[in-house]
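Here is the structure we will look at, set down as structure tokens.
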Amino acid sequence: MVDKSQQWKAWIYLAPAIVLMLIFTVWPIFNTILMAFKEGYNPMYELNPAFDGWTFGLQNFIDLFAHASAFTNALVNTLLLCVLTVPVSTMLALLIAVALNSIKPLQKLLQTIFFLPYVTNSIAIGMVFSVMFNIVGDVGDPSANYGVINQIFGTMINWMNLGSTKVANYAVMVIYIVWNALPFKILVLLGGLQGVNKQYYDAAKVDGTSKTRVFWRITVPLVSPMIVYVLITGFIGGFKEYSSIVGIFGEDMGAAGQQAHENMNTMVGVIYDALPSGQYGKASAAALVLFAIILVVTLINLKISKKTTHY
Amino acid sequence: MKVVLQDLTKIFPSRNKNGQEVVAVNKFNFEIPDGKLIGLLGPSGCGKSTTLYMICGLQQPSGGKIFFGDDDVTELSPENRGVGLVFQNYALYPHMTVKQNIMFPLENLKGDDRMTKSQMLERAYHVAKLVQIDDLMDRKPSELSGGQQQRVAIARALVKMPRVLLLDEPLSNLDARLRLQTREEIKRIQKETGITTVFVTHDQEEAMSISDMIVVMKLGVLQQIGKPQDVYDNPTNLFVAKFLGTPPINVLDGEVKGEKLYIGDVAVLDVKGAADQLVHVGIRPEGFIVDDNGAFESNLSNVEVMGRDVSIVSTHPASQNPVIRSIVDADNKIAEGATTVKFSLKPHKVFLFNRDTEERVYFEVK
């Protein structure tokens, strides 16, 4: 314990960090909560008192959840994408990590290849993906260019152009997000696998354990802390999905012709959309709802993982 | 089940292109009789663990054969050999309870060997009783002491009733008191089950105390096999003589001339049957008799009283060790202020080894 008379020194050393955090982290959070409850708030008011006229209330939240609103659509999109992509990408990442861990030659090279998407800009990757799915020419015209994916599978599916179905849109998004989420998960899980004592596998081998049983009874429990970490960060990242949609569908956040209440927009997208039009109250309310959802899901995750990770 | 090793060899390839390959085990030939406890003994890096892993099947020999009884198991994978292995650090699955750990090998059984849950439980509790951990069945390994973990590991190895039980440095992770207790325990379990057991250790005291037979190894080459006492009383070469025994054997420079052993210029012992040559003279600490008429005289350093025995520490110009340590009965009185002490030697505690080959030079002991 530092001498009481010396403690002011500690505060001075900490001051730069504390001041910066107060200005750029604590105050914005506080202000967001405050703004979410201001009805008819105009940010110009801070400069010009003539824009006064807001009152406290829940109208921002009520507006968010209004029938067929952009927000409820985005909420469904976000939840669906999370539920569809996080378990799939985690499972795939685990299988790839186990495979990578069990091969000796070229392991480093393959590791690098699998990690490449992580160091590549997701908007850029998104554009490449959208080219792969895009139809150039008239939809339904057999002479149009139906994109690489359709070429490979010999199909004429309208993935993301005018008149495409929501299911097709989701398929594109799920494929892209899973692919994009793999490298980080593989890296974390591979690290976990390499930390597992090889003797457990020798012991299992002496006991004649089959490969599937080794995977489920030994590998999965032993890397379960990493799996939980990957799941939690995966869900948090999934709820904040935004740039991948922009990457695929562009700033309209949906296929051509889709309205705001039926496009592929996500919750973060709604928040960003609200800002340029000065709807700070609505954006803040949406941010609070997103925060609440992430908090609840993470708590549930932690609760379940405490029961299923063993040590 | 007797275990026969025939010309067993393991060569590890070198890591870099021009480096030397390592011969970890070199042409091993020995037979482990059925139902015995065998200690593989040697300094670290002598290939004893490699030998154990080859018997187990986790490592493939580069040459030679392994038989369990009359079955050639050289090409079989570990699970088909019917071996139980206890790892040095136990390798208990940390996420399973003791019960689950012990039952794990049984759950892997397939076909006709498949057991019902209640049969497995019965078998698990049976071995747990044998190693006296049946009251710890619902704990996790992390909640057990080192000695208890060791027992769980043994129970897990025993539960599928292996033909051969293998233990890799079973006592090295235990503290001194527990080590004594556990080695008795291993001996008891081995006797009760009658399973042929091979264990690896670098601790000669541990190996001597519980083994029916010990196998002394050095740099991948077998040195000597035999009952612990026989090997101690009759080492075939200088390495074995030096490796066994605490305190270690005293080694001096000597020479055989006309069937007499000379240390320095003094003839200290009649060695009938030994040819003239330069030798290493190995004398066990208990091979000295304090004797005023004794021929071997050394410079007294100090006397350590240990109750029952007295340890006399002295020096001699011909000694290869810094000091000569002799253990004699406490009744022997050393005059106070004495600077030298005279000994006569017990002929059966004196071993001669050729100076160049370090092989034993035998002489007639009356």
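Letters A, B, ... are given to chains in the order of the sequence lines, protein chains preceding strands, and every chain is numbered from 1. If you're wondering where the values come from, they're calculated on a predicted model, not measured in any experiment.
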> By number, which residues in residues 98-110 of chain B have some heavy atom less than 4.5 Å away from chain A?
Replying inline: B:Phe104, B:Pro105, B:Glu107, B:Asn108, B:Lys110

> Using a heavy-atom distance cut-off of less than 4.5 Å, which residues of residues 68-84 of chain B contact chain A?
Replying inline: B:Pro78, B:Glu79, B:Val83

> Should we count CZ of A:Phe291 as having more than 12 external heavy atoms under 6.0 Å?
Replying inline: no

>> I need the contact set between residues 77-102 of chain A and chain B: heavy-atom distance under 4.5 Å, sorted by residue number.
In response: none

>> Would you say that more than 12 heavy atoms from the other residues, nucleotides or ligands in this model lie under 6.0 Å from the OH of A:Tyr229, or not?
In response: no

>> Using a 6.0 Å cut-off, check whether atom CD of B:Glu192 has over 12 heavy atoms from anything other than its own residue.
In response: yes

> How would you list, in number order, the residues of residues 194-212 of chain A that have a heavy atom less than 4.5 Å from chain B?
Replying inline: A:Asn197, A:Gln199, A:Tyr200, A:Asp202, A:Ala203, A:Ala204, A:Lys205, A:Val206, A:Asp207, A:Gly208, A:Thr209

>> For the NZ atom on A:Lys240, are there more than 12 heavy atoms of other groups (residues, nucleotides or ligands in this structure) within a distance under 6.0 Å?
In response: no

> Is B:Lys187 atom NZ crowded by more than 12 heavy atoms from other residues, nucleotides or ligands, each under 6.0 Å away?
Replying inline: yes

>> Minimum heavy-atom separation for A:Leu222 and B:His95, please, with both atom names.
In response: CD2-ND1, 3.7 Å

> Can you tell me if CD on B:Glu122 sees more than 12 non-hydrogen neighbours from other groups inside 6.0 Å?
Replying inline: no

